[in-house]
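Every chain is numbered from 1 and lettered A, B, ... according to where its sequence line falls, protein lines coming before strand lines.
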Amino acid sequence: MTVSEQPRPSDFIRDIIDDDIRANKYGGRVHTRFPPEPNGYLHIGHAKSICLNFGIAAQYRGLCNLRFDDTNPTKEEQEYVDSILDSVRWLGFDWEDRLYYASDYFDQMHDYAVQLIKAGGAYVDDLSADEIRDHRGTLTQPGKESPYRNRSVEENLDLFARMRAGEFEDGSRVLRAKIDMASPNLNMRDPVMYRILHADHHRTGSKWCIYPMYDWAHGIEDSIERITHSICTLEFEDHRPLYDWFLEQLGVYHPQQIEFARLNLSYTVMSKRKLLQLVEKGHVSGWDDPRMPTIAGLRRRGYTPSSIRDFCDRIGVAKTDSTINIALLEHCIREDLNRTAPRAMAVLNPLRVVIDNYPDSETEELDAINNPEDQGAGTRKVPFSRVLYIERDDFRENPPSRFFRLAPGREVRLRYAFLITCVGVKKDESTGEVVELHCTYDPATRGGDTPDGRKVKGTIHWVSADHAVQAEVRLYDRLFTVENPGDVEDGCESVLNTDSLEIVTGHVEPSLANAAPGTSYQFERLGYFCADLKDSSPERPVFNRTVALRDSWAKIEKRL
RNA sequence: UGGGGAAUCGUCUAGCGGUAGGACAGCGGACUCUGGAUCCGUUAGCCCAGGUUCGAAUCCUGGUUCCCCAGCCA
């Protein structure tokens with residue numbers, strides 16, 4: 001390759017694929033799959049897997065299937081299927097005509113089970129769940145064989161057929177693989193293949209009352225779809241011998257399973273169980289609450305698909321357990337939105353400013369640049385008048401050193417407007433709180449220029465009080481107060497950040513009144529904000545803070 | 001005291017017997033009509049102990065620490 005080319009992103013999985021292609025292992029084919037269970041919404045950890053699987057397929061000119069691993073009707077719902085489809089699509093990936101469901105293969109799986117029974121590799125066990133657990137042994141002690149382990153093939157066939165026919169109660173019998181009750185790998189101690197579940201399935205309805213277990217189902221699904229590299233997370237490493245055993249016994253096409261470390265992110269949780277709990281206990285408004293690490297939540301928060309893909313590219317793929325700093329995700333969205341988000345002015349914590357020497361009834365329109373990073377974004381008009389709002393933080397009665405903003409007697413630039421000088425401070429007599437500033441403006445500085453070349457250190461944002469539109473602004477912060485909430489022994493609820501949402505009424509420039517839901521803006525000097533997908537309307541604009549701008553003054557001030 | 005994995009700057013990640021590199025974070029500076037962005041500079045790491053070798057993050061031996069597994073969940 002030439003020096004100007006980007007080095008191809010690589011990792012241990014791509015290294016394996018490179019080797020396989022070199023060895024012509026699957027005829028040079030690369031075919032991956034993303035196999036979610038529709039029992040919850042997708043989160044940023046799934047995004048890592050999606051980017052990996054679809055990314056590899058694209059890179060090697062292979063294919064990637066989207067497959068629902070819907071083998072447990074008691075936990076799965078159509079709502080989750082819909083949300084997953086939506087999330088994968090939104091992230092920018094296309095499964096074309098390859099949308100599959102494990103439930104589509106239930107007949108085939110059943111036939112394979114019959115085949116395995118006939119080969120003496122599986123048996124129907126009448127033990128209860130408790131008894132099976134007792135027979136399993138422990139980590140250090142071998143298990144005991146079930147008394148039903150050596151039933152004849154005929155009896156097994158008959159019993160399995162009756163299981164399927166619905167003759168038995170839930171939990172009364174299971175089909176088990178006949179492997180080795182003394183195996184040091186507990187997964188090999190006669191794992192359950194089928195359980196009886198008289199439950200309606202979201203796709204097959206009441207057709208089945210026996211459902212396959214993950215280990216039995218997954219390899220078959222991969223095999224049927226001619227997957228080459230079955231990529232999953234580390235906790236399945238122990239299951240690989242079983243994955244291999246089933247496919248070998250069946251004598252069918254055999255993909256290879258490869259495991260990588262799942263994503264952990266600081267200050268949030270990633271397990272579906274914990275996320276479900278946050279939803280069910282009302283700690284958040286739903287799976288798509290902008291504080292959730294779900295794809296739907298990130299989307300509503302204002303994250304873009306490209307920023308999430310970029311994040312997934314940057315974190316890499318390895319087998320080390322790791323926790324990525326949330327700051328990296330924030331970096332990715334800032335970098336993206338800095339390039340693309342139009343700027344606007346909004347005051348979230350207003351302080352009234354009266355320009356004493358500006359005519360009472362006059363209004364003028366000033367030109368503001370929409371995006372300094374993108375010349376093509378053009379300009380817009382911003383109304384200016386005698387009474388304005390500025391941010392309360394941008395005024396100090398007794399400014400500390402290196403404070404460049406407004407203070408009594410000081411001059412600052414109003415962005416794209418005029419230079420103003422503070423000539424008076426009006427306070428509430430009882431509380432001492434500053435309630436209004438009086439300033440004078442320099443008409444020669446229209447647009448913010450200084451014809452005399454004088455330098456002004458501070459530039460602050462503002463809105464015209466009469467023209468500003470009120471908007472609900474939701475200021476989000478991290479959901480948890482500790483870096484690894486998942487590690488908290490008594491549950492992560494005890495470390496929930498009670499200030500993760502602050503709602504304020506912002507005064508925003510009029511151009512923002514018609515912000516289309518889902519569009520992002522940079523509120524200058526504050527951060528990136530996104531018109532809420534669900535709640536924002538022209539009558540009542542609602543903005544979510546995606547992420548604050550880097551604030552180097554806050555750092556300086558902290559050290560003062 | 002079973003089995004399966006993993007250990008490289010604060011956090012991720014490259015390295016495949018030959019100068020430990022990148023990203024984020026941090027720190028310093030330049031520039032700036034966003035204390036934004038950008039640019040420049042900089043701090044900081046091979047789990048430990050032996051061994052092999054001219055030379056070890058890499059190979060060998062022995063330790064240590066962490067993660068996963070005893071669902072009829074996936």
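Contact annotation for A/Arg173: no contact, since no heavy-atom pair falls under 4.0 Å across all strands. Residue contacts shown for A/Ile132 include a base, since a base heavy atom lies under 4.0 Å away. Within the nucleic acid shown, A/Asn39 has no heavy atom closer than 4.0 Å to any nucleic acid atom. Here A/Arg343 lies in heavy-atom contact (under 4.0 Å) with a base. At a threshold of 4.0 angstrom between heavy atoms, the contacts of A/Glu259 with the nucleic acid are absent. Residue A/Leu127 is in base contact, counting any heavy-atom pair closer than 4.0 Å across all strands shown. Counting any heavy atom pair closer than 4.0 Å across all strands shown, A/Pro241 reaches no nucleic acid atom. Across all strands, A/Pro191 comes closer than 4.0 Å to no nucleic acid atom at all (heavy-atom distances). In this structure, A/His239 reaches the bases: a heavy-atom distance under 4.0 Å links it to at least one base atom across the strands shown. Residue A/Ser552 is in sugar-phosphate contact alone, with no base atom involved, counting any heavy-atom pair closer than 4.0 Å across all strands shown. Residue-level contact check: A/Thr74 touches neither bases nor backbone, having no heavy atom under 4.0 Å from any strand.
Following rounding to the nearest Å, A/His461 (NE2) and B/G36 (P) show an atom-to-atom distance of 15 Å.
Residue A/Arg195 places at least one side-chain N or O closer than 4.0 Å to OP1 or OP2 of B/C73. Between A/Arg559 and B/G28, a side-chain N or O to OP1/OP2 separation shorter than 4.0 Å is present. OP1 or OP2 of B/G71 has at least one side-chain nitrogen or oxygen of A/Arg133 nearer than 4.0 Å.
Side chains of A/Tyr214 and A/Glu221: a donor-acceptor N/O pair is absent below 3.5 angstrom, by distance only. At a cut-off of 3.5 Å, with distance as the only test, a side-chain donor of A/Thr304 or A/Asp336 sits close to an acceptor on the other residue. For A/His461 and A/Glu391, the side-chain atoms include at least one donor-acceptor pair closer than 3.5 Å.
At a cut-off of 3.5 angstrom, counting only N and O atoms as typed in the model, there is a donor on one side and an acceptor on the other between the side-chain of A/Asp238 and the base of B/G3.
With a cut-off of 3.5 Å on both pairing distances, the Watson-Crick and G-U wobble pairs of RNA chain B assemble into stems of 3 or more at B:2-7 with B:64-69, B:10-13 with B:21-24, B:26-30 with B:38-42, B:47-51 with B:59-63.
Shown are A/Trp216, A/Tyr211, A/Phe160, A/Tyr105; of these, the ring pair (Phe, Tyr, Trp, His ring centres under 6.0 Å) with A/His110 is made only by A/Phe160.
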Pairs under 3.5 angstrom, nitrogen or oxygen only, protein versus nucleotides 10-16 of chain B, please.
residue: B/U11; atom: O3'; partner: A/Thr323; partner atom: O; Å: 3.4
residue: B/U11; atom: O2'; partner: A/Thr323; partner atom: O; Å: 2.9
residue: B/C12; atom: OP1; partner: A/Thr323; partner atom: N; Å: 3.0
residue: B/C12; atom: O5'; partner: A/Thr323; partner atom: O; Å: 3.4
residue: B/C12; atom: O2'; partner: A/Ile315; partner atom: O; Å: 3.0

Nucleotide N/O to protein N/O under 3.5 Å, stretch nucleotides 37-47 of chain B:
residue: B/A37; atom: O2'; partner: A/Asn338; partner atom: ND2; Å: 3.0
residue: B/A37; atom: O2'; partner: A/Glu373; partner atom: OE1; Å: 3.4
residue: B/A37; atom: O2'; partner: A/Glu373; partner atom: OE2; Å: 3.2

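Residues passing the side chain to side chain donor-acceptor pair (under 3.5 Å) test with A/Ser128, sequence neighbours excluded: A/Glu131. In this structure, A/His135 has no ring-ring contact (aromatic ring centres under 6.0 Å, His included) partners at least two apart in sequence or on a different chain. With sequence neighbours excluded, the residues that form a ring-ring contact (aromatic ring centres under 6.0 Å, His included) with A/Phe384 are A/Tyr358, A/Phe418, A/Trp462.
With rounding to the nearest 0.5 Å, the separation of CZ in A/Arg14 from CG in A/Leu52 is 6.0 Å.
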